[in-house]
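Each chain gets a letter, A, B and so on, in the order its sequence line appears, and its residues count up from 1. Values reported hereafter were calculated over all heavy atoms of this structure, with side chains retained and with hydrogens, waters and symmetry mates removed.
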Amino acid sequence: MNSSFTEARTSENIAPESRPSNFLREKIVEDLKTNKYQGRVRTRFPPEPNGYLHIGHAKAICIDFGLAEEFGGKTNLRFDDTNPEKEDIEYVDAIMEDVKWLGFHWDGLYYTSDYFDQLYEWAIKLIKNGKAYVDDLSAEEIRKYRGTLTEPGKDSPYRNRSVEENLNLFERMRAGEFPDGSCVLRARIDMASPNLNMRDPVMYRILHAEHHRTGNKWCIYPMYDYAHGQSDSVEKVTHSMCSLEFADHQPLYNWFIEQLGIFPSQQIEFDRLNLTYTLMSKRKLRQLVEQGTVRGWDDPRMPTLSGLRRRGYTPESVRNFVTAAGVSRTNGIVELPMLEHFVRKDLNKRAPRVMAVLHPLKIVIDNYPETEVEEMKAQNNPEDESAGWRSVPFSRELYIEQDDFREVPPPKYFRLSPGREVRLRYGYFITAKGVVKNDQGEVIEVHCTYDPATRGGNAPDGRKVKSTIHWVSARQAVDGEVRIYENLFTKENLGDLKEREDALDYLNPKSLEVVAHAKLEPALANAISGSRYQFERLGYFCADLDSKPGAPIFNRTVALKDTWAKTEKKQAGKE
RNA sequence: UGGGCCGUCGACUAAUGGUAGGUCAAGUGCCUUUGGAGCACUUUGUCUAGGUUCGAAUCCUAGCGGCCCAGCCA
């Protein structure tokens, strides 16, 4: 099997006309109608390269790129790299890969650091206009002078320095005459503003740190608030979408643009994506990576795009999910099963079926010839005729799933049990006749008989069976490792932690189960990394990066829906 | 209790003064060579109290509840 097999078809995306309306789309429509930006739409996706992108970013990406695309506009990818102490080129590369994987293409590729010279000139302009000053207060003093939520701040003693002195000091800050933290450049706005962001926010701080792009050219770096709006403005961004917590920064965003008299980009805020049982903080995710809780940023348990990719999620499923989850200004949390629904829906249409047994139980068909091996025809994807058929070896000794046999079947259990006939998928009808047990009394082998007339799985006399189970021929089976994932966390809403709690207190110790010796049908021996399959009746699986020819490793993307498990659970609850 | 933002089925999201709809989840049935998929059906909602209006989820007032802001992070 080759990988193009699995990638050849994609399920259809949600059509534009069926996408739910939302306030962002309406805002753009309105701006187009009033000709606010001469009919232009330009957005930007502005990640800080200090970590890997996660599914929350996928929402921002879909909004930034998707909306622009929808209105014939363009989108820039801009790395917001104003803090050299936290940022790294590794993240830049990973972010570009993830955006491309999602299927988006940026128009311009920029870095906020591209604008450091321009930003510096604008700072000088603000100083000359009396709108900025160098403050010698320490960080702690600045905090004290800022006041509190209910009390106004007070002016710094350095607030009224002359333009000349400020110019001189700022130039010397840039020249490296002062140590880190000795002074900052501040906007001169209003220390009594009820909006703390307007109480003379810091524009530049001194950081004698090497920047991943500008090297040692600068030892002063602009703050987010001083850089973001102007960067948007330089790029003529019309709709600068960001998350809700920046709403309080909007007056400041506008203030810099107005003071400078530059292109009036506008900021619009929307809610972040939250998912149940999922940690969505880059800082915390980095902690998991650094302390070795997970194998890396792309560990399949991570909500990162690289993790989801390795797990087997398709970009289409992520996009469709994000679109379906919608956007608003409320703080909500989407249930994880909704994400799982969209990946199942996509993979159901495109993933070829194979048979694999995770927890093997040996079956011996007593009346089947000892040395016989038949090739049974199996359909690659019942959802897709064009996927064709393959052949699977069948013989006297097979493996079935331990779960598919019960010596004493509970009510509503339709699978194999003594005296009961079931269908082996694409094989024969078999009837269990007896069991072999070990010293502990566990069933280690089931002896059956088969009906030769049912080859392929149909009985000529029209008799029915209640169940069809999957199997792998013992002699031809290939061993493979299968990694089963559960939620990384046991707490539904990790955004709802008590005072002294940490998200990491809720790590799920059972988030990874390794099945070292799963029995796979032979065609899977050389599965190509990244190829996706449905293991019939079990779930969707994706060949891992660590797979070697003859030694495949699979990640379970998501289990199939399991109504029997539900029934069984309900019965257990009744007892 | 300074400022900002926000309250619609269990979750997410529509309805833009005129029939509260969709998706997920849950449940029931049909179908099935995957207890998968599919199909059909069903349950559940406008935070509260007033007001405006022929008519209010929508507008107004007052409550109640939630989230965000006191980094030289973004």
Exercise. At under 4.0 Å between heavy atoms, what does Y413(A) touch on the DNA or RNA strands: base, sugar-phosphate, or nothing?
Worked result: base

For this session: Answer with base, sugar-phosphate or nothing: what part of the nucleic acid does L137(A) contact at a heavy-atom distance below 4.0 Å?
Result: base

Exercise. Closest to the R205(A) side chain: rC68(B), rG27(B), rC72(B)?
Worked result: rC72(B)

Exercise. Is there a donor on the side chain of E140(A) or the base of rG71(B) sitting less than 3.5 Å from an acceptor on the other?
Worked result: no

Problem set entry | Touch class at under 4.0 angstrom, heavy-atom based, for V327(A) against every strand present | sugar-phosphate

Exercise. So which nucleotide does rG18(B) pair with, by the Watson-Crick or G-U wobble rule with both distances under 3.5 Å?
Worked result: rC54(B)

For this session: Hunt down the Watson-Crick or G-U wobble partner of rG38(B), both distances under 3.5 Å, from any strand shown, or write none.
Result: rC30(B)

Exercise. Does CZ in R463(A) sit with more than 12 non-hydrogen atoms of other residues, nucleotides or ligands closer than 6.0 Å?
Worked result: yes

For this session: Would you indicate which nucleotide in rG2(B), rC69(B), rU34(B) comes nearest to any side-chain atom of R537(A)?
Result: rU34(B)

Exercise. Does rG71(B) fall in syn (glycosidic angle within 90° of 0) or anti?
Worked result: syn

Exercise. Any N or O donor-acceptor pair linking the side chain of R344(A) to the base of rG36(B) at under 3.5 Å?
Worked result: no

Exercise. Given rC72(B), is OP1 or OP2 found less than 4.0 Å from the side-chain N or O atoms of R146(A)?
Worked result: yes

Exercise. When we call it a touch if two heavy atoms are under 4.0 Å apart, what does N195(A) touch: a base, just sugar-phosphate, or nothing?
Worked result: nothing

For this session: Using a 4.0 Å heavy-atom cut-off across all strands, classify K412(A) as base, sugar-phosphate, or nothing.
Result: base

Exercise. Does R272(A) or L244(A) map to a spot on RNA chain B nearer the 5' end, using the closest nucleotide for each?
Worked result: L244(A)

For this session: Return yes if some donor-acceptor pair links the side-chain N/O of H228(A) with the main-chain N/O of D225(A) below 3.5 Å, else return no.
Result: no

For this session: May I ask you to verify if any side-chain N or O of H341(A) is less than 4.0 angstrom from the OP1 or OP2 atom of rC24(B)?
Result: yes

Exercise. Does T330(A) put a side-chain nitrogen or oxygen below 4.0 Å from OP1 or OP2 of rG7(B)?
Worked result: no

Exercise. Would you say D200(A)'s side chain and I189(A)'s backbone share a donor-acceptor pair under 3.5 angstrom?
Worked result: yes

Exercise. W564(A) stacking on rG35(B): centroids under 5.5 Å, ring planes under 30°?
Worked result: yes

For this session: Report which part of the nucleic acid N458(A) touches: base, sugar-phosphate, or nothing (heavy-atom distance under 4.0 Å, all strands).
Result: base

For this session: Kindly say whether, by distance alone, the side chain of D562(A) makes a donor-acceptor pair under 3.5 Å with the base of rG35(B)?
Result: no

Exercise. With sugar-phosphate meaning primed atoms plus P, OP1 and OP2, does Y221(A) contact a base, only sugar-phosphate, or nothing at under 4.0 Å between heavy atoms?
Worked result: nothing

Exercise. If we call it a pair only when both distances are under 3.5 Å in a Watson-Crick or G-U wobble match, what pairs with rA11(B)?
Worked result: rU23(B)

Exercise. Base, sugar-phosphate, or nothing: which does Y204(A) touch, judged by heavy atoms less than 4.0 Å apart?
Worked result: nothing

Problem set entry | Sidechain N-carboxylate O distance under 4.0 Å for E421(A), K466(A) | no

Problem set entry | Touch class at under 4.0 angstrom, heavy-atom based, for R329(A) against every strand present | sugar-phosphate

Exercise. Base, sugar-phosphate alone, or nothing: which one does L339(A) contact when heavy atoms must sit under 4.0 Å apart?
Worked result: nothing

For this session: Answer with yes or no after comparing the ring centroid distance for F246(A) and Y224(A) against a 6.0 Å cut-off, counting only values under it.
Result: yes

Exercise. Looking across every strand, which nucleic acid part, if any, lies under 4.0 Å from G181(A) by heavy atom: base, sugar-phosphate, or nothing?
Worked result: base

For this session: Among rU1(B), rC72(B), rA74(B), find the nucleotide with the atom closest to the side chain of A139(A).
Result: rC72(B)

Problem set entry | Under 4.0 angstrom between T563(A) side-chain N/O and rG36(B) OP1 or OP2 | yes

For this session: Ignoring backbone atoms, establish whether T82(A) has a side-chain N or O less than 4.0 Å from OP1 or OP2 of rC73(B).
Result: no

Exercise. Any side-chain N or O of K345(A) under 4.0 Å from OP1/OP2 of rG38(B)?
Worked result: no

For this session: For A325(A), report the nucleic acid contact type (base, sugar-phosphate, nothing); a contact means any heavy atom under 4.0 Å.
Result: sugar-phosphate

Exercise. Is K464(A) near enough to rU32(B) that one of its side-chain N or O atoms lies under 4.0 angstrom from OP1 or OP2?
Worked result: no

For this session: Can you check whether any acceptor in the base of rG10(B) is under 3.5 Å from a donor in the side chain of E335(A), or vice versa?
Result: yes

For this session: Could you label the plane-to-plane angle of the Y110(A) and Y115(A) rings as parallel, tilted or perpendicular, counting under 30° as parallel and over 60° as perpendicular?
Result: tilted

For this session: Could you check whether Q534(A) gets within reach of a base, just the sugar-phosphate, or nothing at all, counting any heavy atom under 4.0 Å?
Result: base

For this session: Figure out the OH/P separation between Y145(A) and rG71(B), and round it to whole Å.
Result: 16 Å

Problem set entry | For rG2(B), the Watson-Crick or wobble counterpart (both distances under 3.5 Å) | rC69(B)

For this session: From the options Y399(A), F394(A), Y426(A), F405(A), select the one residue that forms a ring-ring contact (aromatic ring centres under 6.0 Å, His included) with W471(A).
Result: F394(A)

For this session: Just compare rG71(B), rU34(B), rA74(B) and give me whichever is closest to any side-chain atom of R353(A).
Result: rU34(B)

Exercise. For rG63(B), what is the paired nucleotide under Watson-Crick or G-U wobble rules, both distances under 3.5 Å?
Worked result: rC47(B)

Exercise. Which part of the nucleic acid, if any, lies within reach of P382(A) when heavy atoms closer than 4.0 Å are counted: base, sugar-phosphate only, or nothing?
Worked result: base

Exercise. Looking only at atom types and distance, does a side-chain atom of D98(A) sit under 3.5 Å from a main-chain N or O of I95(A), one as donor and one as acceptor?
Worked result: no

